[in-house]
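Below is one structure; the comments refer to it alone.
Predicted model, so just to flag it, every value in this text is computed and none were measured.
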Amino acid sequence: MNLKERLNNGERVFGTMVRCQRNPAYCIMAKDAGLDFILFDCEHGIYSRETLHDLFQMAHAVGLTAMLRVPMLDRESISRYLDAGAKGCMVPMTETAEQAREIVRWSKYPPIGERGYGSSIGACYYQTGLKSGDVMARINGEVLTIAQIESGLGVGNVEEIVSTEGIDAVIIGPNDLSISLGVPGEFTNEKVVGAIRKVADACRRHGKAFGIHGPEVLQEMFADDVNLCIHTTDVDLLRSAMSDLKQKMIHFRRNG
């Protein structure tokens with residue numbers, strides 16, 4: 001089963017966000033480590049489309065789902081990255097049902113959306129001679145269309161957002177959410193926790209996947225709600241590993 005089918009089947013899937021790694025071998029490492037997906041950050045990270053294309057293709061080759069957070073809500077940012085081979089897109093600062101419909105419009109092929117069809121491209125791994133109808137149906141069944149809710153307005157409109165046909169999942173962005181609610185960085189503030197609870201409950205009612213890209217305290221608090229499990233970034237992972245390495249080397253010298 002693909003990642004979307006696994007979520008629909010009630011499974012939890014696990015992944016991380018990537019902001020600086022450009023070597024396709026990173027996809028091999030992620031798969032070997034047991035991750036189900038990686039999500040490339042094109043809102044705050046800096047990636048060229050060519051680089052992402054190569055990363056998406058390597059991910060597919062090793063059986064890892066590669067997705068991205070797009071820089072903005074427009075056709076080029078969504079459709080062209082999916083054409084390069086991404087199997088999902090997350091749109092930051094989704095706040096209204098109209099925006100949710102626009103995300104679906106450019107991420108799904110007809111009859112669900114209006115994404116333009118191209119044959120023999122990265123999205124179908126350069127296979128030729130395929131029937132367009134079959135390809136569109138298959139890809140619609142694979143691509144995860146994710147609304148990222150990270151503002152008070154988005155939380156207020158969550159019912160309309162998650163009930164939009166074609167929206168498959170919601171991921172909370174706690175940093176911007178806490179800022180929007182007037183308590184920047186206070187992730188356990190009752191305003192933030194209450195807002196996240198409202199989104200989690202809406203996702204449960206509408207059968208949509210739910211995730212939080214935020215600190216461990218929130219991951220633990222909402223562990224029973226999260227099934228699209230995404231945590232930390234490659235930057236934090238590398239910094240943490242290097243810090244641990246130094247402490248080990250210091251320990252060796254003290255005990256040598």
Side-chain angles (χ1 to χ4, degrees), residues 1-9 11 13 15 27 36-40 42-43 47 49-50 52-61 63-149 160-171 203 206-211 228:
M1 290 188 290
N2 63 48
L3 195 79
K4 184 173 174 178
E5 290 171 333
R6 291 175 60 191
L7 284 167
N8 290 338
N9 198 43
E11 293 185 41
V13 297
C27 298
D36 301 302
F37 70 92
I38 52 178
L39 192 152
F40 293 95
C42 293
E43 181 188 18
Y47 285 103
R49 189 175 293 112
E50 291 85 356
L52 285 168
H53 165 273
D54 296 347
L55 291 162
F56 296 154
Q57 296 300 316
M58 176 59 82
H60 171 70
L64 179 76
T65 297
M67 303 185 285
L68 79 155
R69 174 160 65 179
V70 301
M72 63 188 71
L73 172 53
D74 62 23
R75 180 178 184 176
E76 180 172 1
S77 296
I78 296 174
S79 295
R80 293 198 68 183
Y81 284 108
L82 292 176
D83 281 354
K87 286 302 180 186
C89 67
M90 179 171 77
V91 177
M93 208 60 75
T94 304
E95 296 184 306
T96 66
E98 181 181 7
Q99 290 174 339
R101 289 191 292 270
E102 191 75 357
I103 298 169
V104 174
R105 181 183 182 190
W106 302 128
S107 63
K108 295 291 202 297
Y109 291 117
I112 303 171
E114 299 178 26
R115 177 180 167 188
Y117 178 75
S119 60
S120 306
I121 59 173
C124 57
Y125 310 109
Y126 301 102
Q127 295 173 298
T128 60
L130 304 176
K131 294 182 178 180
S132 58
D134 293 342
V135 173
M136 290 190 294
R138 175 175 59 80
I139 293 178
N140 275 351
E142 295 172 346
V143 167
L144 271 178
T145 299
I146 306 168
Q148 186 173 25
I149 292 182
E160 292 81 4
I161 292 170
V162 300
S163 63
T164 300
E165 181 186 7
I167 292 292
D168 302 302
V170 170
I171 289 180
C203 286
H206 292 277
K208 304 298 175 74
F210 173 70
L228 183 56

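- Under the 30°/60° scheme for interplanar angles, the aromatic rings of Phe40 and Tyr47 are found to stand perpendicular.
- Using a 4.5 Å heavy-atom threshold, the side chains of Ser107 and Val91 count as separate.
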Open item on the list: Assess the residue pair Leu144 and Leu7 against the criterion (side-chain contact (heavy atoms from CB on, under 4.5 Å)); give the C-alpha distance rounded to whole Å, side-chain angles, the decisive distance to 0.1 Å, and a yes or no.
Closed with: CA-CA 10 Å; Leu144 271 178; Leu7 284 167; 3.8 Å; yes
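- Between the CG atom of Leu3 and the CG atom of Leu228 there is a distance of 7.0 Å, given to the nearest 0.5 Å.
- Here the side chain of Thr128 pairs no donor or acceptor atom with the backbone of Ser120 at under 3.5 angstrom.
- Taken to the nearest 0.5 Å, the CG atom of Leu82 stands 11.5 Å off from the CD atom of Glu142.
- At a threshold of 4.5 Å between non-hydrogen side-chain atoms, the residues Leu55 and Cys27 count as touching.
- Pairing each heavy atom of Thr145 with each of Gly166, the nearest pair is CB-O, 3.3 Å.
- The shortest side-chain heavy-atom distance between Cys89 and Leu68 falls under the 4.5 Å cut-off.
- For Glu165, the CD atom is loosely surrounded, since the number of other residues' heavy atoms within 6.0 Å does not exceed 12.
- To the nearest 0.5 Å, atoms CD (Gln148) and CG (Leu39) are separated by 8.5 Å.
- In this structure, the side chain of Ser163 engages the main chain of Glu160 through a donor-acceptor pair within 3.5 Å.
- Minimum interatomic distance between Val170 and Cys203 (heavy atoms only, all atoms of both residues): CB-SG, 3.7 Å.
- Ion pair Glu102/Arg105 flagged as a salt bridge, since at least one NZ, NE, NH1 or NH2 atom sits closer than 4.0 Å to an Asp/Glu carboxylate oxygen.
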TODO: Could you walk me through whether His206 and Ile167 pass side-chain contact (heavy atoms from CB on, under 4.5 Å), step by step?
DONE: CA-CA 10 Å; His206 292 277; Ile167 292 292; over 6 Å; no
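- Side-chain N or O atoms of Gln57 include one that pairs as donor or acceptor with a backbone N or O of Ala84 at under 3.5 Å.
- Side-chain contact between Val70 and Pro92: present, with at least one pair of heavy atoms (C-beta onward) separated by less than 4.5 Å.
- Between the side chain of Lys4 and the backbone N or O of Asn140, at least one donor-acceptor pair lies under 3.5 Å.
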Task: side-chain contact (heavy atoms from CB on, under 4.5 Å) between Thr164 and Ile103, intermediate numbers included - done: CA-CA 10 Å; Thr164 300; Ile103 298 169; over 6 Å; no
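- Comment: Lys108 engages Asp168 in a salt bridge, judged by a side-chain N to carboxylate O separation of less than 4.0 angstrom.
- One distance of note links CE of Met93 with CD of Gln99; it measures 10.0 Å at 0.5 Å rounding.
- To the nearest 0.5 angstrom, Thr65 atom OG1 is 7.0 Å from Asn2 atom CG.
- Considering every non-hydrogen atom in both Tyr81 and Pro71, the closest pair reads CE1-CD, 4.3 Å.
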- [ ] Quick one: do Val135 and Gln127 satisfy side-chain contact (heavy atoms from CB on, under 4.5 Å)? Show the steps, please.
- [x] CA-CA 10 Å; Val135 173; Gln127 295 173 298; over 6 Å; no
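- Annotation: side chain of Val143 is in contact with side chain of Arg115 (closest heavy-atom distance under 4.5 Å).
- The CD1 atom of Ile149 sits 9.0 Å away from the CZ atom of Phe210 when rounded to the nearest 0.5 Å.
- Under the 4.5 Å side-chain criterion, counting only non-hydrogen atoms from C-beta, Cys124 is not in contact with Tyr117.
- More than 12 heavy atoms of other shown residues, nucleotides or ligands fall within 6.0 angstrom of atom CD in Glu5.
- Nearest heavy-atom pair across Lys87 and Ala123 is NZ-O, 3.8 Å.
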